[in-house]
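Residue numbers run from 1 in the order of the sequence given.
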Amino acid sequence: MINKTITLITNANQSMGYEIATLLGHAGQLLLLGVHDSQRGERMAAELLKQGIHADVVQLDLTCRASINGAKDYIDTNYGYLNTLINNGGTSYDHDFNPTTLSSFVMRQDFEANFFWARRRDAGYAAIVEKKRQQARLLT
């Protein structure tokens, strides 16, 4: 088993994911890049490697229970534990930002994706994070 701080960054190749990965990688953490698009994730991992940062790409679609479970199993099998889970993921279906015209259907889609799927992911990863309870962190 690896004896390093292991951090999973969801939606790692979007938004702040690259910057978070760079900072934590330079601090010596082993990074798991949770990505929806594996090819983009591999390109990001290659860029990080040029800086001396090792990162493993983990296919992770936060709107798919099978993907969440598959990534959890991959981490548990290959690493045995997880210290930090950084939820950099999020989605928005409400491209019409006018609150007077935004449909309740779209609001429900946003809430489902950003709350319930994140909750399912967190619950699913609790067992492998618990293995390092004193060092465990969840950042959303």
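Side chains of N87 and T10: a donor on one and an acceptor on the other come within 3.5 Å. Side-chain contact check for Y79 and D56: at least one donor-acceptor pair (N or O, by modelled atom type) lies under 3.5 Å. Side-chain atoms of Q29 and T5 form no donor-acceptor pair, as typed in the model, at a separation below 3.5 Å.
With rounding to the nearest 0.5 angstrom, the CE atom of M16 is 11.0 Å from the CG atom of L23. Distance OG/S38 to CZ/R43: 11.0 Å, rounded to 0.5 Å. Here OG1 of T84 is found 10.0 Å from CG of L31. Values are rounded to the nearest 0.5 Å. Rounding to the nearest 0.5 angstrom, the gap separating the CG atom in L30 from the NZ atom in K4 is 5.5 Å.
Two residues are said to be in side-chain contact when any heavy atoms from C-beta on lie closer than 4.5 Å; I86 and L24 meet this criterion. For the pair I68/L60, a side-chain contact is recorded, criterion being any heavy-atom separation below 4.5 Å from C-beta on. At least one side-chain heavy atom of I75 sits under 4.5 Å from a side-chain heavy atom of L32.
Looking at every heavy atom in both residues, T22 comes nearest to I53 through O-CD1, 3.7 Å. Shortest non-hydrogen contact noted between A21 and L33 is CB-CD2, 4.2 Å. Here the closest non-hydrogen pair linking N13 and D37 is ND2-O, 3.9 Å. Closest of all the heavy-atom pairs between A55 and L48 is CB-CD1, 3.9 Å. The two residues S67 and Q59 have their closest heavy-atom pair at OG-OE1, 3.1 Å.
Between the side chain of D76 and the backbone N or O of K72, no donor-acceptor pair lies under 3.5 Å. Under the 3.5 Å distance criterion, the side-chain polar atoms of N83 are left unmatched by any main-chain donor or acceptor of T7.
Applying the side-chain hydrogen bond (donor to acceptor under 3.5 Å, both in side chains) test to H26 and every residue at least two apart in sequence or in another chain returns Q51.
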